[in-house]
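For reference, the structure discussed in these notes is given below.
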Amino acid sequence: MNETVRLSLHVPEPEVRPGDQPDFSNVKIPKAGSVPRPEVDVAPETIRDLAFSIIRVLNREGEAVGPWAGLLSDEELLAGLKDMMRLRAFDARMLMAQRQGKTSFYMQHLGEEAVSCAFRKALAKGDMNFPTYRQAGLLIADGYPMVDMMNQIFSNEKDPLRGRQLPIMYSSKEHGFFTVSGNLATQFVQAVGWAMASAIKNDTRIAAAWIGDGSTAESDFHSALVFASTYKAPVILNIVNNQWAISTFQGIARGGAGTFAARGLGFGIPSLRVDGNDYLAVHAVARWAAERARRNLGPTLIEYVTYRVGAHSTSDDPSAYRPKAESEAWPLGDPVLRLKKHLITRGCWSVERHAQAESEIMDEVIQAQKEAESHGTLHAGGKPSVRDIFEGVYAEMPTHIRRQRQKAGY
């Protein structure tokens with residue numbers, strides 16, 4: 001009779017802790033330009049390897065190489081660089097404002113600017129994003145006024161959401177930005193539903209779902225994959241793998257092996273991993289997925305391999321759970337500096353022009369902040385009026401129903 005083996009529970013643990021030397025040797029980084037670009041109508045089962053590699057365009061010398069390169073002009077790249085610089089300057093000012101007690105909390109995008117800024121340029125007017133709280137670049141890259149974002153952060157009298165949403169949880173139908181939910185995983189399944197509705201109506205608009213690596217452990221993530229794959233919804237399923245959830249490392253959600261992109265393979269969804277700090281690679285992969293959705297070829301799952309440089313939020317202290325110098329050791333570098341180097345290599349940018357642009361953008365952000373801070377509080381008397389509470393929450397009652405209710409004595 002075989003000896004009975006006592007069972008034990010496996011609990012994933014990070015390889016390094018505070019005080020240890022940062023170690024990213026487990027991040028296998030292929031040579032820039034080495035990952036092939038399949039045809040848009042490729043059969044998902046033939047590109048399974050793309051869920052385990054990383055699509056990269058910019059090499060160490062700042063050159064754009066390989067089959068995913070060459071899709072953007074110098075002007076488009078310069079606009080993308082300034083979008084990322086604007087988001088970074090916005091972050092810096094709002095973080096300072098939070099420290100000064102002007103808002104309750106704030107969440108930075110530091111190190112992740114390329115993901116949302118480049119992705120937005122691959123979409124069309126009318127497409128809808130269902131973002132998390134770290135995709136403000138979708139708004140900035142689409143020209144949404146920074147002063148309106150600040151008005152909401154400060155919850156002043158010009159707050160476009162009238163105090164009904166937390167700071168940084170923006171909403172703009174016009175700019176294709178569905179209101180952020182604090183329960184992030186719900187965004188994923190709602191995006192699939194929105195995309196299915198667009199297809200049912202024979203519309204032309206597609207949706208983009210966004211989730212962090214930590215939230216992929218929630219059931220809504222898996223429900224979204226079921227519906228997206230079954231009905232071939234015109235949706236791009238984005239996973240931002242920034243290595244850390246709310247003070248927990250990615251292994252808690254991912255398990256001890258595999259990638260987040262590989263989650264899509266079991267559902268027959270084409271799944272790709274991309275260098276999330278490479279503006280050109282992010283845009284190229286997003287455009288590939290968007291074209292696939294528009295051609296009724298179904299969903300695409302994309303994992304963006306990036307790193308959260310800052311804290312999870314202003315309520316978080318990352319030094320309590322990760323090495324202090326880990327962000328400096330991240331092997332994929334800084335998205336702003338990498339695109340800056342590429343443009344200088346192309347001869348259409350310089351160190352001097354970059355410094356001037358930094359100064360001009362910071363002045364622009366400071367001016368927007370001054371304007372936002374000049375507005376009074378949302379509720380002058382300290383309490384919201386009945387109109388403030390209900391306006392915009394409930395639709396106006398149709399005339400015929402109102403008349404029926406009046407006749408009935410209501």
Side-chain angles (χ1 to χ4, degrees), residues 76 79-95 97-98 103 105-156 158-182 184 187 190-191 194 205-212 236 238 240 242 276 279 282-283 286 290 304 306 308 310 313 335-336 339 361-362 364-369 371-372 375:
E76 289 171 323
L81 176 64
K82 291 178 180 178
D83 285 336
M84 291 196 292
M85 293 169 69
R86 194 168 284 111
L87 177 56
R88 186 163 291 187
F90 180 90
D91 261 355
R93 294 300 300 184
M94 293 299 96
L95 181 62
Q98 192 277 334
T103 184
F105 77 104
Y106 188 72
M107 307 182 87
Q108 287 182 289
H109 306 73
L110 193 58
E112 301 179 42
E113 294 91 349
V115 174
S116 54
C117 289
F119 184 90
R120 185 63 190 83
K121 299 299 186 181
L123 297 183
K125 197 71 175 175
D127 294 338
M128 184 61 72
N129 285 282
F130 288 74
T132 75
Y133 35 61
R134 234 178 288 277
Q135 275 84 53
L138 295 169
L139 289 172
I140 285 180
D142 198 47
Y144 186 79
M146 283 188 295
V147 68
D148 287 348
M149 296 168 70
M150 293 176 180
N151 286 337
Q152 182 183 333
I153 290 172
F154 297 141
S155 196
N156 60 29
K158 295 291 184 179
D159 177 359
L161 299 184
R162 305 297 294 164
R164 300 192 188 98
Q165 184 58 290
L166 294 168
I168 60 87
M169 294 190 177
Y170 315 105
S171 177
S172 175
K173 183 178 180 180
E174 179 187 356
H175 291 269
F177 195 95
F178 198 89
T179 187
V180 180
S181 168
L184 296 181
Q187 298 288 82
Q190 288 184 87
W194 193 96
R205 299 172 297 167
I206 65 173
W210 293 88
I211 203 167
I236 306 173
N238 297 308
V240 181
N242 62 15
Y279 186 95
V282 170
H283 177 269
Y304 302 89
T306 183
R308 168 167 61 77
S313 73
V336 174
L339 186 52
I361 287 170
M362 184 56 78
E364 176 189 345
V365 174
I366 290 174
Q367 189 56 45
Q369 184 177 354
E371 182 180 341
H375 300 306

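Numbers for residues simply follow the sequence, beginning at 1.
Side-chain contact between His175 and Met128: absent, with no pair of heavy atoms (C-beta onward) separated by less than 4.5 Å. Side-chain contact between Phe154 and Met149: absent, with no pair of heavy atoms (C-beta onward) separated by less than 4.5 Å. Side-chain contact between Val240 and Ile211 is absent, with no heavy atoms from C-beta onward closer than 4.5 Å. Between Arg93 and Met362 there is a side-chain heavy-atom pair separated by less than 4.5 Å.
The minimum heavy-atom distance between Pro335 and Ala114, with the atom names listed, is CB-CB, 3.7 Å. Closest non-hydrogen pair, Ala122 versus Ala286, comes out as CB-CB, 3.7 Å. The two residues Phe177 and Tyr170 have their closest heavy-atom pair at CE2-O, 3.5 Å. When all heavy atoms of Asp127 and Ile206 are compared, the pair lying nearest together is OD1-N, 3.0 Å. In this structure, Gln98 and Phe105 approach most closely via the heavy-atom pair CG-CA, 3.6 Å. Across every non-hydrogen atom of Ala372 and Val147, the tightest pair is N-CG2, 3.9 Å.
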Evaluate the side chain to side chain contact (heavy atoms under 4.5 Å, CB included) criterion for residues Asp148 and Lys158: first the C-alpha distance (whole Å), next the side-chain angles of each, then the deciding distance (0.1 Å), finally the verdict.
CA-CA 8 Å; Asp148 287 348; Lys158 295 291 184 179; over 6 Å; no
Taking it one step at a time, do Trp210 and Phe119 satisfy ring-ring contact (aromatic ring centres under 6.0 Å, His included)?
CA-CA 11 Å; Trp210 293 88; Phe119 184 90; 4.8 Å; yes
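Gln165 places a side-chain N or O within 3.5 Å of a backbone atom of Val180 that can act as its donor or acceptor partner. Listed for the Asn238 side chain is a donor-acceptor partner under 3.5 Å among the backbone atoms of Ala209. In this structure, the side chain of Thr103 does not engage the main chain of Ala97 through any donor-acceptor pair within 3.5 Å. Using modelled atom types, no side-chain atom of Asn129 and backbone atom of Pro131 make a donor-acceptor pair closer than 3.5 Å. Using modelled atom types, one side-chain atom of His109 and one backbone atom of Ala136 make a donor-acceptor pair closer than 3.5 Å. The closest donor-acceptor contact from the side chain of Ser181 to the backbone of Leu184 lies at 3.5 Å or more, if one exists at all. At least one donor-acceptor pair closer than 3.5 Å links the side chain of Arg134 to the backbone N or O of Gln108. Between the Arg162 side chain and the Arg164 main chain, no donor and acceptor come within less than 3.5 Å of each other. Under the 3.5 Å distance criterion, the side-chain polar atoms of Gln135 are matched with a main-chain donor or acceptor of Thr132.
Using a cutoff of 4.0 Å between basic side-chain nitrogens and carboxylate oxygens, Asp83 and Lys121 are scored as salt-bridged. A salt bridge links Glu364 to Arg86: at least one charged side-chain nitrogen sits closer than 4.0 Å to a carboxylate oxygen. Classification of Asp142 and Arg120 as a salt-bridged pair holds, one side-chain N sitting under 4.0 Å from a carboxylate O.
Residues satisfying the side chain to side chain contact (heavy atoms under 4.5 Å, CB included) criterion with Gln367, sequence neighbours excluded, are Lys370.
Tyr304 contributes atom OH, which lies 13.5 Å from atom CG of Asn242 (distance to the nearest 0.5 angstrom). The CG atom of Asp159 sits 7.0 Å away from the CG atom of Asn151 when rounded to the nearest 0.5 Å. A distance of 10.0 Å separates CZ in Arg88 from SG in Cys117, rounded to the nearest 0.5 Å. Here CD of Glu112 is found 10.0 Å from CG of Asp91. Values are rounded to the nearest 0.5 Å. For the atom pair Ile361 CD1 and Met146 CE, the distance stands at 8.5 Å (nearest 0.5 Å). Considering CZ of Arg205 and CH2 of Trp194, their distance stands at 4.0 Å, rounded to 0.5 Å.
By the 30° and 60° cut-offs, the orientation of the rings of Phe130 relative to Phe178 is parallel.
In this structure, Lys173 places its NZ atom where only 12 or fewer heavy-atom neighbours from other residues, nucleotides or ligands lie under 6.0 Å away.
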